[in-house]
Amino acid sequence: MKLPVIGIPCTARPGSEAQTGQLQLSKAYADAVLMARGIPLLLPPTDDPLLRQSALSHCDGLLLPGGGDPDPRFYSEPPHPLLGEVDFAQDRFEMALFALAQIRGLPVLGICRGMQLVNVALGGSLYQDISLAGAAPLLHRQNAPRSATIHKVEISPDSELYRLLGSSAVYTNSMHHQAVRRAGEGLRVVARAPDGIAEAMENADGSLLLVQWHPEALLQAIPPMQRIFTELTRRAAITAQKREAPPL
Ligand code: MN
């Protein structure tokens, strides 16, 4: 039996005279997929549509990880002074992977930046900084270690996320300074922090699951967080089976 392959884009860091360029991805994402019995396939950025398409044809699911801010030009806003680091080419690459995953019907898990990027790809918008969201926001950029939880998240009982976590409220870590403003097409906010900030979104059939926190850093502290990854590999395994089934 073949285990499902989960594509994960990584980031390219340019080299210097002393060191060659590096591809980067936090090891925790790959570990979480391995623990969920999936094979992480790291996808280095490329502008070539054929290479992107071919790379994604090896994947049964897609995980979009954390990282920098999506470039606000993708939601037709000029950069606010509080905008963080952006990488237009990286955004374009990851959005292209997402579009291909949608065409192929692959399950997608978006984490932190991944949630924001998918929201923007589907026509939604972001607060370029949470301070712009209005009424007294909570601390969403914790100083505590990534494995520590900082704020509560309330989960809609009629959501896939509720079914997965088996709880209507969890404490999560929080390492973001941006947040979803307008929801993208087909996405519903299914979890919020007590200040109203969107903390999770999903689509109608649950094939898109987006979380603003970092479940990959909470697997020890909150074991049910592993189900977010096992659900991705479970759905990916079904996709893989359909693909390999002979045509009727
Ligand atoms: Mn938060």
Side-chain angles (χ1 to χ4, degrees), residues 26 28-29 32 63-72 74-75 77 80 82-86 91 94 108-122 124-157 159-162 164-184 187-203 208-229 231-232:
S26 169
Y29 298 108
L63 191 163
L64 295 172
D69 292 350
D71 192 311
F74 288 111
Y75 48 99
E77 280 187 18
H80 187 277
L82 293 174
L83 179 68
E85 192 184 335
V86 295
D91 292 350
E94 294 185 19
V108 177
L109 171 61
I111 295 178
C112 199
R113 158 187 163 81
M115 163 161 159
Q116 296 170 1
L117 199 76
V118 166
N119 185 59
V120 168
L122 293 174
S125 69
L126 305 177
Y127 293 109
Q128 292 191 40
D129 187 83
I130 288 176
S131 62
L132 306 169
L138 300 176
L139 176 66
H140 286 275
R141 191 146 53 171
Q142 70 190 45
N143 296 309
R146 299 171 74 82
S147 59
T149 57
I150 188 86
H151 70 58
K152 198 171 171 182
V153 167
E154 276 158 21
I155 302 168
S156 305
S159 64
E160 179 72 11
L161 185 65
Y162 176 87
L164 286 177
L165 297 181
S167 178
S168 59
V170 288
Y171 270 80
T172 67
N173 54 12
S174 192
M175 276 86 83
H176 58 117
H177 85 104
Q178 294 199 313
V180 164
R181 185 173 194 165
R182 183 181 70 245
L187 292 177
R188 178 170 73 105
V189 175
V190 294
R192 290 185 188 275
D195 57 1
I197 292 295
E199 291 282 344
M201 302 173 96
E202 53 188 53
N203 65 350
L208 278 179
L209 178 59
L210 310 173
V211 293
Q212 186 59 75
W213 67 90
H214 283 271
E216 79 285 359
L218 295 174
L219 302 181
Q220 305 295 324
I222 310 174
M225 290 293 174
Q226 179 65 37
R227 294 183 204 144
I228 290 174
F229 298 94
E231 179 65 6
L232 176 66

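We number each residue from 1, following the sequence as shown. Atoms within a ligand are numbered from 1 in the order they appear, just like the ligands themselves.
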Practice task
Under the side-chain contact (heavy atoms from CB on, under 4.5 Å) rule, what do L208 and L122 come out as? Steps first, then yes or no, please.
Solution key: CA-CA 12 Å; L208 278 179; L122 293 174; 4.0 Å; yes
Practice task
Apply the side chain to side chain contact (heavy atoms under 4.5 Å, CB included) test between E199 and each candidate in H151, R192, M115, K152; give the one that qualifies.
Solution key: H151
Practice task
Can you see which heavy atom on R146 is nearest to which on L218, and at what distance?
Solution key: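 Residues R146 and L218, closest heavy atoms: O-CD2, 4.1 Å.
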Problem - Angle subtended at the Mn ion (ligand 1) by H176 NE2 and H151 NE2, rounded to 10 degrees - result: 170°
Practice task
Could you please compute the angle at the Mn ion (ligand 1) from OE2 of E199 to ND1 of H140, rounded to 10°?
Solution key: 90°
Practice task
Check the pair H176, Q178 against side-chain hydrogen bond (donor to acceptor under 3.5 Å, both in side chains), reporting the backbone distance first and the verdict last.
Solution key: CA-CA 6 Å; H176 58 117; Q178 294 199 313; over 6 Å; no
Exercise for the section: Give a yes/no answer: is there an N/O/S atom of S174 under 2.8 Å from the Mn ion (ligand 1)? Expected result: yes
